[in-house]
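What follows is one structure encoded as structure tokens, with my remarks underneath.
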There are 2 protein chains.
Amino acid sequence: MKLSQGVEWALHCCVLLVQAEPGAAVPRTTLAGYYGLPDAYLAKHLKSLAAAGVLIATSGPRGGFRLARDPKDITVLDVVEAVEGSAPPFVCTEIRQRGACAVPADRCEGPCGVAQVMYDADRAWRDSLRSATVAGLSDSLPAALHERARAWLKNPSAPLPPFA
Amino acid sequence: MKLSQGVEWALHCCVLLVQAEPGAAVPRTTLAGYYGLPDAYLAKHLKSLAAAGVLIATSGPRGGFRLARDPKDITVLDVVEAVEGSAPPFVCTEIRQRGACAVPADRCEGPCGVAQVMYDADRAWRDSLRSATVAGLSDSLPAALHERARAWLKNPSAPLPPFA
DNA sequence: GAACGTATACTCGGATAATTCATGTCCGAGTTGACAGGG
DNA sequence: CCCTGTCAACTCGGACATGAATTATCCGAGTATACGTTC
């Protein structure tokens, strides 16, 4: 089991977008440059975020991506599911109904114990991710980083002030 | 994010092995036949379980696999990690230290907020899996299935009694 | 009848292909902003 | 000075290669059993 690399990128980009001017869009090249990511590939994940309703994409000059709603209402789970898909990681193939000792289907009402345990764990994982929001992640960063982010988003080509 | 198919197979096989005679080994062909699984591929996962110390493999006639310890002491997490590996699903590549707005390494003491949230979710997932044991899964099955399993393990070629 | 040696059959283990999915990259469609020209 | 039409540049979106991991399979190494032979 391995999570896509894009999850990390998407989360950091969403946190960065909190610092953008309200209503302003940030192009993907600016986002990619901030973290040194390949913009061509980052586009793929940003597209998924837009399709999932987490971001809003705008075309043309002054276009780009912006958060679709208040950062307080964007959970980490929203971002993860946008990139990874909302399909459960464990899929029960009902092997109890196959093979020499197959159990008749009419005796398999609920999910088997194995699937139930996996589903419970998946729910615990999702509940944990749902309890964190993009706003909370942004608040955990020091104010100095917010300043640098705002300066960069306003003018990516200008030199950044040195660290205090 | 997708879990390997082998996780389901491994869990069901471990639950089935609870019904084996104490000290007796069950060959992989018998395990595969019970659930109608490809024995050649199942061998790969059983090998992983043996390497992880969940099962004990024995060669030669009357050989096969048996549980390495009491089913109460085998958690579902043990089985999942044996098959999937114990590597965390989320790997932080420290992208905050890269790109145009890279943060100096000496200012990155602990993990970043994004990684922390993912690690917490991973811990919740593992804790959930750790709270379930192979013995618990076996106990959740009806007694009739235990009977059928014991009969099959004792003589896989004999016809099974019909369902009551 | 018991012990021993051999051969056999059965088991796991590692090495080897095929397929699927994530990764990485590119170019085209669409849209907005800017500019030049005219009123 | 203001309005309008055209143009151009910038943006995203989908289509196209690449690589790795999972899936799937086979054959060889090793071992305990069973049998036949001998004492």
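Remember, predicted model here, so these are calculated numbers, not experimental data. Each chain gets a letter, A, B and so on, in the order the sequences are listed, and its residues count up from 1.
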Given Asp78(A), which of Lys72(A), Arg69(A), Arg130(A) fulfils the salt bridge (Lys or Arg N to Asp or Glu O under 4.0 Å) condition?
Arg69(A)

Considering every strand and a 4.0 Å limit on heavy-atom distances, what is the contact class for Pro27(A): base, sugar-phosphate, or nothing?
sugar-phosphate

Can you check the Asp39(B) CG to dC10(C) P distance for me, whole Å?
14 Å

Write down the distance between CG (Leu46(B)) and P (dC12(C)), rounded to a whole number of angstrom.
8 Å

dG14(D) phosphate, OP1 or OP2: any side-chain N/O from Lys47(A) under 4.0 angstrom?
yes

Quick check: on DNA chain C, is the nucleotide nearest Ala43(B) upstream (toward 5') of the one nearest Trp9(A), or the reverse? Name the residue that is more 5'.
Ala43(B)

Does Arg150(B), at its CZ atom, have more than 12 non-hydrogen atoms belonging to other residues, nucleotides or ligands within less than 6.0 Å?
yes

In whole angstrom, what separates Met1(B)'s CE from dT23(C)'s P?
13 Å

Kindly point out which of dG13(D), dT32(C), dC12(C) is positioned nearest to the side chain of Pro61(A)?
dT32(C)

Map Gly64(B) and Lys44(A) onto DNA chain C by nearest heavy atom, then report which one ends up closer to the 5' terminus.
Gly64(B)

Between Leu42(B) (CG) and dT23(D) (P), how many Å, whole number?
13 Å

Of the listed nucleotides dT33(D), dT23(D), dT11(D), the one nearest the side chain of Gln5(B)
dT23(D)

Which atom of Ala57(B) lies closest to which atom of Ala50(B), heavy atoms considered:
CB-CB, 4.4 Å

Salt bridge flag under 4.0 Å for residues Asp122(B) and Arg126(B)
yes

Could you tell me whether Ala40(B) contacts a base, only the sugar-phosphate backbone, or nothing, with contacts defined as non-hydrogen atoms closer than 4.0 Å?
base

Just how far, in rounded Å, is P of dC12(D) from CZ of Arg62(A)?
14 Å

What is the distance, to the nearest angstrom, from the CD1 atom on Ile56(A) to the C1' atom on dG13(D)?
17 Å

Let me confirm one number: the OH-CG distance from Tyr34(A) to Leu16(A), rounded to the nearest 0.5 Å.
5.5 Å

Here the distance between atom C1' of dA22(C) and atom NZ of Lys2(B), to the nearest Å, is 11 Å

Measuring to OP1 and OP2 of dT23(C), would you say a side-chain N or O of Tyr41(A) lies under 4.0 angstrom away?
yes

Are OP1 or OP2 of dA32(D) and a side-chain N or O of Thr58(B) less than 4.0 angstrom apart?
no

Let me know the distance between NE2 of His45(B) and P of dC12(C), rounded to the nearest Å.
15 Å

